[in-house]
There are 2 protein chains.
Amino acid sequence: MSQGNIDVTHDREFLDERPVCTVLEALNRISGKWAIGILLNVSHGPARFTELERAVPGISRRMLTLTLRNLERDGLISRTVYATVPPKVEYRATGMAVELYDSLTALTAWAERHRETIAGSREAYDREHGRPAGADADC
Amino acid sequence: MSQGNIDVTHDREFLDERPVCTVLEALNRISGKWAIGILLNVSHGPARFTELERAVPGISRRMLTLTLRNLERDGLISRTVYATVPPKVEYRATGMAVELYDSLTALTAWAERHRETIAGSREAYDREHGRPAGADADC
DNA sequence: CAGAATCCCCCATGATACTG
DNA sequence: CAGTATCATGGGGGATTCTG
């Protein structure tokens, strides 16, 4: 294209619709405060309920259960029950989840590369403006 | 506790703490229903407020403003005001955001690769269990 | 051990209206 | 055009209790 006269409207606002939706789909099933933490843990090998409870600091039993169920429903983890006493349940990452793990690595790298910059940007922003944006203390 | 075995807990639950937190940091600033949509749009070139409002289907003025402010605060977008009449404001992705865009591509690819599988997994899950997990209709 | 069931609160988001 | 100000809400998430 280029030089022509047909170069209408810096061509934006249309090529997004799909990708946005797809990414959103992806994000939706790894959303919530706990899904990622669980996924990362389970990717290292099978884990039991209580192990995960300890491994994901701050999670409640309720949230662990709910998140686990949703991940299972989406096929990101498998759940194996051993009919023993006391009960034993093992959670494993599926192939899909392992691939996702690899993708998350890119995000991790990005976050680490820019951790400082972002913190600085926030400070600067908060210094000149009040502090209207949401306050963050965790992590 | 464990059966007098020395092979303590297939060594898990520790190597996570950091990565989880880092990824969470990353996810936190691209979280919310709208950040991604805005980021993707802005990554194609500078965009004005109203353009974004049209480009991100379903977003409200309020949410557009809030998300824009937060992204600016984190240094992911820049805001340029032109003292003209009527007012003109341009938003651009920073280098950081562009790098993030690349990372999101991995997620997009993942979502597209497994779209079918996930949908199937959900159907199957909902068929044998009731449908306790959150219902989803969007996208 | 691995959950299920309840109650409750808060914050992100939506709807609506006003303005430099 | 590019916002701000207010009010209302819903569901994500926490605390607690009960069970196979």
Side-chain angles (χ1 to χ4, degrees), chain A residues 24 27-38 41-42 46-73 77-92 129-130 132-138, chain B residues 1-3 9 24 27-38 42 46-73 77-92 129-138:
Chain A
L24 252 32
L27 267 302
N28 280 339
R29 62 184 45 85
I30 60 174
S31 76
K33 281 158 74 177
W34 310 110
I36 305 274
I38 293 176
N41 262 280
V42 155
R48 301 182 58 178
F49 189 87
T50 306
E51 283 178 352
L52 289 174
E53 197 175 359
R54 285 184 291 106
V56 182
I59 196 171
S60 67
R61 248 180 205 143
R62 170 188 158 78
M63 277 305 106
L64 180 54
T65 302
L66 285 180
T67 308
L68 244 17
R69 288 294 174 277
N70 280 319
L71 290 176
E72 188 194 355
R73 186 169 103 108
I77 60 175
S78 67
R79 177 170 178 271
T80 312
V81 182
Y82 297 89
T84 60
V85 173
K88 176 178 175 181
V89 179
E90 268 189 359
Y91 293 96
R92 298 165 189 274
H129 313 67
D136 5 56
D138 49 292
Chain B
M1 285 208 157
S2 44
Q3 321 289 354
T9 71
L24 253 30
L27 267 301
N28 280 340
R29 62 183 47 85
I30 59 174
S31 76
K33 282 157 75 177
W34 310 110
I36 306 275
I38 293 176
V42 154
R48 301 181 58 177
F49 190 87
T50 306
E51 282 178 352
L52 288 174
E53 197 175 0
R54 286 184 292 107
V56 182
I59 196 170
S60 68
R61 244 178 208 141
R62 172 188 158 75
M63 276 306 107
L64 180 54
T65 301
L66 284 180
T67 308
L68 244 16
R69 290 294 175 277
N70 280 319
L71 291 176
E72 188 193 356
R73 186 169 102 108
I77 61 175
S78 66
R79 179 172 178 269
T80 313
V81 182
Y82 297 89
T84 59
V85 172
K88 175 178 174 181
V89 179
E90 268 188 359
Y91 293 95
R92 297 164 188 275
H129 312 68
R131 42 195 53 222
D136 5 57
D138 49 292

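Both A:T65 and B:I59 lie near DNA chain C, and the one whose nearest nucleotide falls closer to the 5' end is A:T65. Judged by closest nucleotide on DNA chain D, A:G32 is the one of A:R61 and A:G32 placed further toward the 5' end. Along DNA chain D, the nucleotide closest to A:K33 and the one closest to A:P87 are compared, and the more 5′ of them pairs with A:K33.
With hydrogens and angles ignored, the 3.5 Å screen pairs a side-chain donor or acceptor of B:E51 with a backbone N or O of B:R48.
Among the atoms of the strands shown, none is found under 4.0 Å from any heavy atom of B:Y82.
Here the CZ atom belonging to A:R54 is positioned 12.0 Å from the CG atom belonging to A:L64, to the nearest 0.5 angstrom. Note: B:E72 CD to B:S78 OG = 8.0 Å, rounded to the nearest 0.5 Å. Taking CZ from A:F49 and CZ from A:R79, the interatomic distance works out to 9.5 Å, rounded to the nearest 0.5 Å. Note that the OH atom of B:Y91 and the CG atom of B:L52 stand 8.0 Å from one another [nearest 0.5 Å]. Here the CG atom belonging to A:N28 is positioned 9.5 Å from the NZ atom belonging to B:K33, to the nearest 0.5 angstrom.
In this structure, CD of B:E90 is placed 12 Å from P of D:dG3, rounded to the nearest angstrom. Taking atom CG of B:L68 as the reference point, atom P of C:dT13 lies 14 Å away to the nearest angstrom. Atom CG of A:L66 is separated from atom P of C:dG3 by 12 Å (rounded to the nearest Å). One atom, CG of B:N70, and another, C1' of C:dT13, lie 13 Å apart when rounded to the nearest Å. As rounded to whole Å, 10 Å separates atom P of D:dG3 from atom CD of B:E53. The distance between atom CD1 of A:I38 and atom P of C:dA2, rounded to the nearest whole Å, is 14 Å. Between B:L64 atom CG and D:dC1 atom P there is a gap of 14 Å when expressed in whole angstrom units. B:F49 places its CZ atom 8 Å from the P atom of D:dA2, with the value rounded to the nearest Å.
Distances were taken from every side-chain heavy atom of A:R62 (C-beta onward) to each of D:dC1, D:dG14, C:dG3; the shortest belongs to D:dG14. Ranking C:dG14, D:dG14, D:dG3 by closeness to the A:M63 side chain, first place goes to D:dG14.
A close approach under 4.0 Å does not occur between any side-chain nitrogen or oxygen of A:Y91 and OP1 or OP2 of C:dC1. Remark: A:T50 is in phosphate contact with C:dA2, judged by side-chain N or O atoms under 4.0 Å from OP1 or OP2. Contact check, A:R54 against C:dC1: no side-chain N or O comes under 4.0 Å of OP1 or OP2. Dashed line: the shortest gap from a side-chain N or O of B:R48 to OP1 or OP2 of D:dA2 is under 4.0 Å. For B:R69 and D:dG3, the shortest distance from a side-chain N or O to OP1 or OP2 is below 4.0 Å.
Of all non-hydrogen atoms in A:T67 and A:W34, the two that sit nearest each other are OG1-CB, 3.9 Å. Minimum interatomic distance between A:A47 and A:V42 (heavy atoms only, all atoms of both residues): CB-CG2, 4.5 Å.
In the helix from C:dC1-D:dG20 to C:dG20-D:dC1, the end axes, each obtained as the rotation axis mapping the C1' atoms of four pairs onto the next four within a five-pair block, lie 50° apart to the nearest 10 degrees.
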